[in-house]
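Taking it in order: structure first as structure tokens, then the write-up.
Each chain gets a letter, A, B and so on, in the order the sequences are listed, and its residues count up from 1. Just so it is clear, the model here is predicted, and its values are computed rather than measured.
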Amino acid sequence: MTLPDGRSRQFPGPITGAELAAAIGPGLAKAAIAVRIDGRPHDLATIIDHDSTIAIITRDMPEGVEILRHDAAHVMAEAVKELYPETQVTFGPATETGFYYDFARETPFTPEDLARIEERMRDIVKRDEPIAREVWERDRAVAFFESVGERYKAEYIGEIPAHEEISLYRQGDFVDLCVGPHLPSTGRLGQAFKLMNVAGAYWRGDPNNAQLQRVYGTAWPNQKELDQHLFRLEEAERRDHRRLGRELDLFHLQEEAVGSVFWHPKGWTLYRAIESYMRRRLEKVGYQEVKTPQLLDRSLWEASGHWENFRENMFIAESRDERVLAVKPMNCPGHVQIFRNRLRSYRELPLRLAEFGSCHRNEPSGALHGIMRVRAFTQDDAHIFCTEDQVTAEAIAFCELLLSIYRDFGFEDVAIKFATRPPVRAGADATWDVAEQNLEAAVKAAGLAYTLNPGEGAFYGPKLEFVLRDALGRDWQCGTLQLDFVMPERLGAFYIGEDGARHRPVMLHRAILGSFERFIGILIEHYAGNFPLWLAPVQAVVASITDEAAAYADEVAGELAAAGLRVIADTGNEKIGYKVREHSLAKIPVIIAVGRREAEQRGVSLRRLGSPAQEALALTDAVAKLNAEAAPPG
RNA sequence: GCCGGCUUAGCUCAGCGGUAGAGCAACCGCCUUGUAAGCGGUAGGUCGUGUGUUCGAUCCACACAGCCGGCACCA
């Protein structure tokens, strides 16, 4: 047996994973929950009867935690079957932070049911029931599950490929179809789990199927990690952009404009700070800003293919002469109109048209979420018209721009996904071959690592999806780069080449922030509302300590404002401690206190959000210093 | 859109078949203040909307809307 450290051990005959772990050491035997044999995970009870590469999987390894969570799902299913025998079990996998199990049941589970189920799960863990794997003959397994009324399980067996084993796992009186591996016994799960909530979920993810009851839980190797996870959830709640949006007076939402944001002065200041930053970054690298109509005739959407693919999600309007118009759900057809409005020469390529494009999409009501998923939003959209030869250079330049901009917003960790042709699409397969090859070559040329996201491309082309990781470790897909050979053809875009003939341009659809609304939501949560100085809606407050200093406070605020800072004066009749608290809660980055002393010396006392330290400065120095600090990056 | 839950003052939340309460915020006054809550007072609600049951509904039932958690969707 070859072990992970490269050493090998000899055994006289076949041995189980558990015995192997025990042979290595008692500590390992205790922590062991499964064994990896020649790269594949198995139960500890698996008999190893040939020379193999072996690794013991312990409960603190990522692979081990996944098994633990999968077992938690099984224990939950056992608990549910004991408490509610009429319930059918379906699927119950591990997730990122826990597990779920989908149950088929007439009456939905209530929160009280969850408490009962969780209690019973703890009993089952205490019972420490052995978990045993059995391989069954296919027909017998189907007959068995049908006989016990588990129709979903029986149906699923029929879809397991013929060459695969049908394995069942038995714990106590509960038997479940499962590939495993699993723990040796229910006691090994431990008690560091918790049921979280119930939700509806379609059988096999298909809305045409029955809706099942999905019970979510979280599970960890030990209580400490469970507690940490629950604390992270609380932290996420504290940072929730809907909560901070209200507390910081950034925006609100209301029934009369579902899915649209009412931006308040502070929120709009933040929005404009981001917009002007983006505008400057784009101009520097050769984009030209445009603005295209909100309403465009139906015929254009038919030509682009959007009418066919997204009709249900478009807002439709009618003009008085009975033309049918759609409120634009995206900007590309508009940009193509600008491109094809006159003859274009190859000398103009690459032509980069950018728009802070205000779009409307009639999203299903259940999809809406704060300002992250809305019906009215603005994209930092642009379309690059270029030749096939220019694709790689444009793609590399775009990736560099995107990563640099993400860094400026405090996102260092960015993953890339490569999304290939979807099942329903426009354009010939040969066109897709070329597009996918080009995009793959481009991302490789940019020297960036990516993972494949098969079948997730846009209907007109493959795409790169840029996923950033926030301060809480959550992933958000924001940027995109899409390579499109289809739209230029459908909308009749061409340019005159060096040879004097007409050629089709390639179109790159690209966005960095995605939507302003969503990106601002992400920023709020990433920074927990503590924006860096250049983004803070109010950058500084000048608070007077006594009435005597009020006039001077106004003067200081005036000087800072004249230097271009966003500043307010607080000359109200409150103690300085009260003012510091109020403005700290409002997350204003700089609080400047001025009393009689400062007024006499023309100085300020400066304090940063989150720190009790005070800094005494001359007014002129403070203005220069803050002004320099508040300069946007890039 | 689907499943489930929720909806009481600006916010956070009590409450109950006999038409409502707290804290914070707001407003007014006193205090003239030195770095995360000084003190006192005042005002504030068609209990999401509609229909029904009832002598009487914020409370019970039904419908609708919005929101929340998921699912599905995301050009």
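- Which of B:rG1, B:rU32, B:rC68 sits closest to the side chain of A:Arg242 comes down to B:rC68.
- Between the A:Asp297 side chain and the A:Leu300 main chain, no donor and acceptor come within less than 3.5 Å of each other.
- Judged by the 6.0 Å distance and 45° axis criteria, A:Arg214 is positioned over the aromatic ring of A:Tyr100.
- Across B:rU32 and B:rG45, the matching C1' atoms stand 37 Å from one another, rounded to whole Å.
- Centroid-to-centroid, the aromatic rings of A:His335 and A:Phe385 stay 6.0 Å apart or farther.
- Contact annotation for A:Asp206: no contact, since no heavy-atom pair falls under 4.0 Å across all strands.
- Nucleotide B:rG52 forms a pair with B:rC60, judged by Watson-Crick or G-U wobble geometry with both contacts under 3.5 Å.
- Each of A:Gly577 and A:Gly366 was assigned the nucleotide of RNA chain B with the nearest heavy atom; the assignment lying further toward the 5' end belongs to A:Gly366.
- Checked against B:rC71, B:rG1, B:rG38, the side chain of A:Tyr578 finds its nearest nucleotide in B:rG38.
- Nucleotides B:rG4 and B:rC64 have their P atoms positioned 13 Å apart, rounded to a whole Å.
- Pair assignment for B:rC13: B:rG21, on the basis of Watson-Crick or G-U wobble contacts that are both within less than 3.5 Å.
- For A:Glu255, taking side-chain heavy atoms from C-beta onward, the closest of the listed nucleotides B:rG66, B:rU35, B:rG70 is B:rG66.
- In terms of phosphate contacts, A:Arg214 brings no side-chain nitrogen or oxygen within less than 4.0 Å of OP1 or OP2 of B:rG4.
- Rounded to the nearest Å, the gap between the C1' atom of B:rA22 and that of B:rC16 is 16 Å.
- For A:Val258, counting side-chain heavy atoms from C-beta on, the closest listed nucleotide (B:rC74, B:rC67, B:rC71) is B:rC67.
- Atom CZ of A:Arg238 has more than 12 heavy atoms from other residues, nucleotides or ligands within 6.0 Å.
- Using a 4.0 Å heavy-atom cutoff across all strands shown, A:Tyr216 reaches sugar-phosphate atoms only and no base atom.
- When the nucleotides B:rC71, B:rA75, B:rG1 are ranked by their closest atom to the side chain of A:Ser365, B:rG1 comes out on top.
- A distance below 6.0 Å separates the ring centres of A:Tyr152 and A:Trp203.
- Across all strands shown, A:Pro329 has heavy atoms under 4.0 Å from base atoms, whether or not it also approaches the sugar-phosphate.
- Taking the P atom of each, B:rU7 and B:rU12 are spaced 12 Å apart, rounded to whole Å.
- Across all strands shown, the partner of B:rA65 is B:rU7, judged by Watson-Crick or G-U wobble contacts whose two distances both fall under 3.5 Å.
- A:Gly305 comes within 4.0 angstrom of no nucleic acid atom, judged by non-hydrogen atoms across all strands.
- Out of B:rA75, B:rC73, B:rU35, the shortest distance to the side chain of A:Ala458 is found at B:rA75.
- Note on A:Arg597: a base of the nucleic acid sits closer than 4.0 angstrom, heavy atoms only.
- Pairing partner, B:rG29: B:rC39, with both Watson-Crick or wobble hydrogen-bond distances short of 3.5 Å.
- Taking atom P in both B:rC13 and B:rC27, one finds a spacing of 24 Å when rounded to whole Å.
- Residue contacts shown for A:His509 are absent, as no nucleic acid heavy atom lies under 4.0 Å away.
- A:Leu250 places its CG atom 16 Å from the P atom of B:rC11, with the value rounded to the nearest Å.
- Partner assigned to B:rC71 is B:rG1, using Watson-Crick or G-U wobble distances below 3.5 angstrom.
- Between A:Asp102 and A:Thr90, the closest heavy-atom pair is O-OG1, 2.5 Å.
- Relative to the side chain of A:Tyr202, the nucleotides B:rA72, B:rC73, B:rC68 differ in distance, and B:rA72 lies closest.
- On the C1' atoms, B:rG56 is 30 Å away from B:rA43, given to the nearest whole Å.
- Counting any heavy atom pair closer than 4.0 Å across all strands shown, A:Lys328 reaches no nucleic acid atom.
- Between the CZ atom of A:Arg243 and the P atom of B:rC24 there is a distance of 18 Å, rounded to whole Å.
- We find that CZ of A:Arg608 is positioned 19 Å from P of B:rU35, with the value rounded to whole Å.
- A distance-only check finds no donor-acceptor pair linking the side chain of A:Arg105 to the backbone of A:Thr87 [under 3.5 Å].
- The base of B:rU35 sits with one of its N or O atoms less than 3.5 Å from a complementary donor or acceptor on the side chain of A:Ser605.
- Among the atoms of the strands shown, only primed sugar atoms or phosphate atoms (P, OP1, OP2) are found under 4.0 Å from some heavy atom of A:Tyr460.
- In this structure, A:Glu574 places its CD atom 11 Å from C1' of B:rC39, rounding to the nearest Å.
- Counting non-hydrogen atoms under 4.0 angstrom, A:Gln477 reaches nothing in the nucleic acid.
- In this structure, of B:rG69, B:rG38, B:rU32, it is B:rG69 that holds the atom nearest to the side chain of A:Asn197.
- Judged by closest nucleotide on RNA chain B, A:Ala199 is the one of A:Phe459 and A:Ala199 placed further toward the 5' end.
- To the nearest angstrom, C1' of B:rA75 lies 15 Å from CZ of A:Arg518.
- Between the C1' atoms of B:rC67 and B:rG29, the separation comes to 40 Å (whole Å).
- Among the protein residues, A:Gln482 comes within range of the sugar-phosphate backbone only, with heavy atoms under 4.0 Å from sugar or phosphate atoms but none that close to a base.
- Centroid-to-centroid, the aromatic rings of A:Tyr460 and A:His509 come within less than 6.0 Å.
- For A:Glu86, the CD atom is densely surrounded, since the number of other residues' heavy atoms within 6.0 Å is greater than 12.
- Within the 4.0 Å cut-off from OP1 or OP2 of B:rA75, not a single side-chain nitrogen or oxygen of A:Arg425 is found.
- Atom-to-atom, CG of A:Asp102 to P of B:rG70 comes out at 15 Å; the value is rounded to the nearest Å.
- One cannot find a donor-acceptor pair under 3.5 Å joining the base of B:rG1 and the side-chain atoms of A:Glu363.
- Checking B:rU35, B:rC11, B:rG1 against every side-chain atom of A:Pro364, the shortest atom distance belongs to B:rG1.
- The side chain of A:Lys463 lies closest to B:rA75, out of B:rG69, B:rA36, B:rA75.
- A:Glu237 has its CD atom 12 Å from the P atom of B:rU12, to the nearest Å.
- Relative orientation of the A:Phe103 and A:Tyr101 rings is parallel, given thresholds of 30° and 60° on the angle between their planes.
- Considering only side-chain N and O atoms, A:His369 lies nowhere under 4.0 angstrom from the phosphate OP1 or OP2 of B:rC67.
- Separating the C1' atom of B:rU46 from that of B:rC59 is a span of 15 Å, rounded to the nearest Å.
- If you take NZ of A:Lys579 and P of B:rU32, they are 15 Å apart, rounded to a whole angstrom.
- Look at B:rG45: it lacks any Watson-Crick or wobble partner with both distances under 3.5 angstrom.
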